[in-house]
2 protein chains.
Amino acid sequence: MAPTTTMKRIAGELGVSITTVSKVLNNREDIGHATRARVLAKVAELGYQPNAVARSLTLRRTHTLGIVIPDLMHSFFVEIVAGLEAAVSARGYGLLLCSSNENAKKERAELDMLRQRQVDGIVLASANASGNSDLLRDLTGLGIEIVMIDRDDHTDVRCDRVLTDDEMVGRLATAHLAAQGRRAIAHITGPSIVHAKRRADGYRAALKDAGIALRPHWMVKGGFMESDGYRGMKKLLAVTPRVDAVFASNDPAAIGAMKAIWEAGLRVPENIAVVGAGDIALGDLLRVPLTTVGWSREDQGRRAAELMLERLDGGAAAKGRFQRVVIPPYLVVRRSSGGAA
Amino acid sequence: MAPTTTMKRIAGELGVSITTVSKVLNNREDIGHATRARVLAKVAELGYQPNAVARSLTLRRTHTLGIVIPDLMHSFFVEIVAGLEAAVSARGYGLLLCSSNENAKKERAELDMLRQRQVDGIVLASANASGNSDLLRDLTGLGIEIVMIDRDDHTDVRCDRVLTDDEMVGRLATAHLAAQGRRAIAHITGPSIVHAKRRADGYRAALKDAGIALRPHWMVKGGFMESDGYRGMKKLLAVTPRVDAVFASNDPAAIGAMKAIWEAGLRVPENIAVVGAGDIALGDLLRVPLTTVGWSREDQGRRAAELMLERLDGGAAAKGRFQRVVIPPYLVVRRSSGGAA
DNA sequence: CCGGTTTGCTTTACCGTTAAAGTAACTTGA
DNA sequence: TCAAGTTACTTTAACGGTAAAGCAAACCGG
């Protein structure tokens with residue numbers, strides 16, 4: 001194994017002190033022209049690379065961030081990670097990737113791991129921060145910056161947040177269906193988290209704006225899984241008069257709903273129009289391409305990175321109030337809502 | 001900002017030496033029962049967490065691995081990362097995620113970054129290791145273990161490899177088409193890398209096994225992108241007598257091929273059967289579900305992790321010859337090949 | 001030509017941890 | 001009863017780097 005090139009070695013071979021080498025590498029003023037040149041030559045000759053671990057220890061900055069997401073198999077989070085990674089690596093930061101597997105205990109373990117590794121900051125896309133806000137407060141107390149993705153609760157954790165406007169998601173989806181002339185617009189709700197509740201709020205608000213009275217049984221309890229949408233739609237199909245449109249709380253649920261509709265011998269969008277939310281990848285390659293409301297996850301990741309880096313590297317000016325950045329949702333019209341080619 | 005709890009602080013409050021605390025935490029034998037209990041109590045009281053950076057510096061082990069992939073937006077690599085992350089975090093290792101964006105220069109930069117951060121090992125899913133095998137040799141020379149994913153070239157880099165059997169991929173796809181009674185089976189090749197060449201070898205071998213003579217023009221140059229498949233199929237549609245099946249070198253190319261077929265007013269699989277390779281996510285939600293040959297990327301990531309950890313933590317026994325682990329491919333029959341429901 | 005400043009370097013200390021060597025006090029065994 | 005362990009610690013040094021203080025030699029103005 002090749003001997004590692006350290007500043008000590010460079011200093012030794014040149015007959016100067018280690019500090020001199022350090023100063024050259026950090027562009028300090030008080031080193032003479034000749035010495036600087038000699039050191040630089042040696043550095044190039046030996047291919048010296050600084051040891052980031054040692055550097056981190058003295059500087060008390062690792063230039064490393066942690067990202068904790070609930071599930072690596074979900075394209076949703078991966079897109080956030082992609083946006084984050086790009087922004088973060090461009091600024092010379094490393095990114096420690098952690099998956100909590102939707103499990104609060106594993107999340108705790110990952111957060112502890114990140115703490116021990118002395119990361120400068122953590123971006124948290126928590127499925128379930130609920131149990132862990134004590135830990136999060138500890139972390140901020142230790143000077144670890146936190147940016148939360150898609151979480152508007154746990155307001156006792158002092159951090160920036162990057163989220164979408166979930167009420168607008170529900171509004172856009174529902175208003176679009178109303179604009180297509182649908183009048184019996186149902187909603188398969190999500191799980192009991194703020195996001196889903198706000199989407200339902202948007203649904204109700206858009207119905208009202210369209211002058212449609214919300215009928216009983218139009219809102220059925222669902223969830224964020226395909227099977228939830230399937231079950232929810234089964235229930236809706238029993239409602240008379242039959243609904244002519246449904247807004248599912250996310251895309252997987254919408255896909256489940258379409259399956260239930262087809263099973264019942266009905267057609268999408270002719271009999272029932274369907275709109276989802278989330279704009280998942282390949283959504284346009286489905287048997288019936290799915291109309292959905294999305295927002296840029298890459299932006300979400302990128303903005304999270306920017307907030308974080310601003311706090312870490314920005315001047316004192318950056319240390320102001322914690323921010324809530326909202327990524328605006330957009331409507332993607334495809335065949336399932338009967339709205340486009 | 002809360003004061004960080006260090007061993008020094010614990011030692012101070014207890015009136016013992018730092019080493020004593022260290023020994024307790026590392027379960028050394030030579031500490032008395034009473035002292036051990038006092039230290040442990042203090043550790044619990046102050047919620048002490050070891051500083052991994054300092055630990056890494058003395059131990060010369062960071063318990064951190066790097067993973068370098070070409071593209072985070074491609075589900076293929078993400079699945080590998082998922083398998084890797086699970087295995088690695090279960091063993092207490094951290095994972096630094098890097099994307100090379102299919103760019104040899106960025107890859108170099110990321111590898112340098114990982115070297116400076118003193119990672120114990122690097123898992124490399126290189127789109128283009130070509131230019132960087134010098135760097136890779138440097139890294140192994142420094143004692144950084146490397147595991148290459150899906151790469152069988154650069155044999156001068158001493159490392160383990162986890163790959164699939166690409167010839168078998170081509171064989172399975174082609175033999176399946178032959179088994180469906182197709183006789184004019186074309187192939188849209190991939191880019192000029194070993195993988196693609198081996199898939200083409202498998203294609204030729206399976207044709208031979210089926211007693212089909214390979215006709216000129218049946219093999220057209222393609223690539224791994226949807227547009228490559230589209231263009232390749234356009235060319236194939238001009239061949240007479242018309243082919244009745246096509247094996248595309250990967251799934252995106254197969255999707256492109258299907259689009260070209262539909263544009264020509266033909267049907268899949270009735271007129272032309274299509275098989276891809278890779279088994280990308282959501283492949284079964286396509287307008288015509290795609291028959292494909294896949295292999296478990298999670299396994300690939302997991303096996304990479306196992307090889308790596310075995311080398312890092314395993315006894316001397318593990319330091320033997322470098323291994324080539326082959327992940328077996330499997331056939332997924334869906335509608336596009338006319339083979340299933 | 002002498003006190004003070006500037007220039008260009010070195011010395012010392014520290015970041016938080018572990019390993020190796022050192023050392024008292026307390027057993028042993030013959 | 002005393003040399004030779006054994007037990008339970010402490011001291012010292014090191015990992016690779018940075019920051020602060022120190023210090024000679026050259027330079028400068030009056």
Side-chain angles (χ1 to χ4, degrees), chain A residues 1-40 42-43 46-64 115-120 142-143, chain B residues 1-40 42-43 46-64 92 115-120 142-144:
Chain A
M1 200 183 309
T4 356
T5 305
T6 63
M7 297 199 333
K8 184 195 227 161
R9 168 135 177 250
I10 291 176
E13 298 200 7
L14 251 33
V16 300
S17 75
I18 295 178
T19 302
T20 300
V21 177
S22 170
K23 286 187 171 176
V24 169
L25 293 171
N26 290 290
N27 283 314
R28 291 300 150 89
E29 298 295 302
D30 61 347
I31 299 293
H33 199 74
T35 310
R36 177 176 303 267
R38 286 208 308 145
V39 169
L40 256 18
K42 202 49 139 182
V43 162
L46 300 181
Y48 168 78
Q49 305 253 157
N51 180 323
V53 173
R55 221 148 175 284
S56 298
L57 186 59
T58 29
L59 295 180
R60 294 133 146 252
R61 286 291 298 281
T62 51
H63 287 270
T64 300
R115 183 228 283 237
Q116 292 189 193
R117 280 184 160 73
Q118 312 285 118
V119 293
D120 297 337
L142 288 167
Chain B
M1 200 183 308
T4 357
T5 306
T6 64
M7 296 197 337
K8 184 195 226 161
R9 169 136 176 246
I10 292 177
E13 298 200 7
L14 251 35
V16 300
S17 75
I18 295 177
T19 302
T20 300
V21 177
S22 171
K23 286 188 169 174
V24 169
L25 293 172
N26 290 290
N27 283 314
R28 291 300 149 89
E29 297 295 304
D30 61 346
I31 298 294
H33 200 74
T35 310
R36 178 176 302 267
R38 287 205 311 144
V39 169
L40 255 18
K42 204 46 141 183
V43 162
L46 299 181
Y48 168 79
Q49 305 254 157
N51 180 324
V53 172
R55 218 147 177 283
S56 297
L57 187 59
T58 29
L59 296 180
R60 290 130 149 260
R61 287 289 301 279
T62 51
H63 287 269
T64 301
R115 182 226 285 233
Q116 291 189 193
R117 279 185 160 73
Q118 312 286 117
V119 293
D120 297 338
L142 289 167
I144 298 177

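Note that these values count all heavy atoms, side chains included, but never hydrogens, waters or copies made by symmetry. Below, chain A is the first sequence line, B the second, and so on; all start at residue 1.
- Between Thr64(A) and Arg117(B), the shortest heavy-atom distance links the atoms OG1-NE, 3.3 Å.
- A distance of 10.5 Å separates CZ in Arg28(B) from CZ in Arg36(B), rounded to the nearest 0.5 Å.
- Between Thr58(A) and the phosphate of dC14(C), there is no side-chain N or O to OP1/OP2 separation shorter than 4.0 Å.
- At the heavy-atom level, Ser56(B) lies nowhere under 4.0 Å from the strands shown.
- Using a 4.0 Å heavy-atom distance criterion, Arg28(A) is classed as a sugar-phosphate-only contact.
- Using a 4.0 Å heavy-atom criterion, one finds that Val53(A) contacts no nucleic acid atom at all.
- Rounded to an integer number of Å, the gap from CD of Gln118(B) to P of dT17(C) is 19 Å.
- Straight-line distance from the CD1 atom of Ile31(A) to the C1' atom of dT6(C): 15 Å, rounded to whole Å.
- Dashed line: the shortest gap from a side-chain N or O of Thr20(B) to OP1 or OP2 of dC9(D) is not under 4.0 Å.
- Toward the 5′ end of DNA chain D lies the nearest nucleotide of Ile18(B), the other residue of the pair Ile18(B) and Ala54(B) mapping further downstream.
- Listed pair Ser17(A) / dT10(C) meets the phosphate criterion, a side-chain N or O lying under 4.0 Å from OP1 or OP2.
- Within 4.0 Å of Thr6(A), counting heavy atoms only, lie sugar-phosphate atoms of the nucleic acid but no base atom.
- Between the side chains of Thr20(A) and Ser17(A), at least one donor N or O sits under 3.5 Å from an acceptor N or O.
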- Verdict with reasoning, Lys42(B) to Val39(B), per side-chain contact (heavy atoms from CB on, under 4.5 Å): CA-CA 5 Å; Lys42(B) 204 46 141 183; Val39(B) 169; 5.8 Å; no
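- Leu57(A) comes within 4.0 angstrom of a nucleotide base, judged by non-hydrogen atoms across all strands.
- Contact of the Leu142(A) side chain with the Gln118(A) side chain is not registered, since no non-hydrogen atoms from C-beta on lie closer than 4.5 Å.
- Counting to the nearest Å, the P atom of dT18(D) and the CG atom of Leu59(A) are 6 Å from each other.
- Between His63(B) and Ser56(B), every side-chain heavy-atom pair lies at or beyond the 4.5 Å cut-off.
- Closest non-hydrogen pair, Met7(A) versus Ser22(A), comes out as CE-CB, 3.7 Å.
- Here the shortest heavy-atom pairing between Leu25(A) and Tyr48(A) reads CD1-CE2, 3.5 Å.
- Taking only side-chain nitrogens and oxygens, Tyr48(B) comes nearer than 4.0 Å to OP1 or OP2 of dT17(C).
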Show the distances under 3.5 angstrom between N or O atoms of the protein and N or O atoms of nucleotides 20-22 of chain C.
none

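- The CZ atom of Arg55(B) sits 17 Å away from the P atom of dG16(D) (whole-angstrom rounding).
- Distance check: Arg55(B) CZ to Arg61(B) CZ gives 11.0 Å after rounding to the nearest 0.5 Å.
- Within the 4.0 angstrom heavy-atom criterion, no nucleotide atom of any strand lies near Thr4(A).
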Identify each atom pair where a protein N or O and an N or O of nucleotides 23-25 of chain D are less than 3.5 Å apart, giving names and distance.
none

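- The side-chain heavy atoms of Val24(A) and Thr35(A), taken from C-beta on, include no pair separated by under 4.5 Å.
- One atom, CZ of Arg61(A), and another, P of dC14(C), lie 23 Å apart when rounded to the nearest Å.
- Protein atom CZ of Arg36(A) is 13 Å distant from nucleotide atom C1' of dT7(C), rounded to whole Å.
- Met7(A) places its CE atom 8 Å from the C1' atom of dT18(D), with the value rounded to the nearest Å.
- Between the P atom of dC9(C) and the CG atom of Asn26(A) lies a distance of 16 Å, rounded to the nearest Å.
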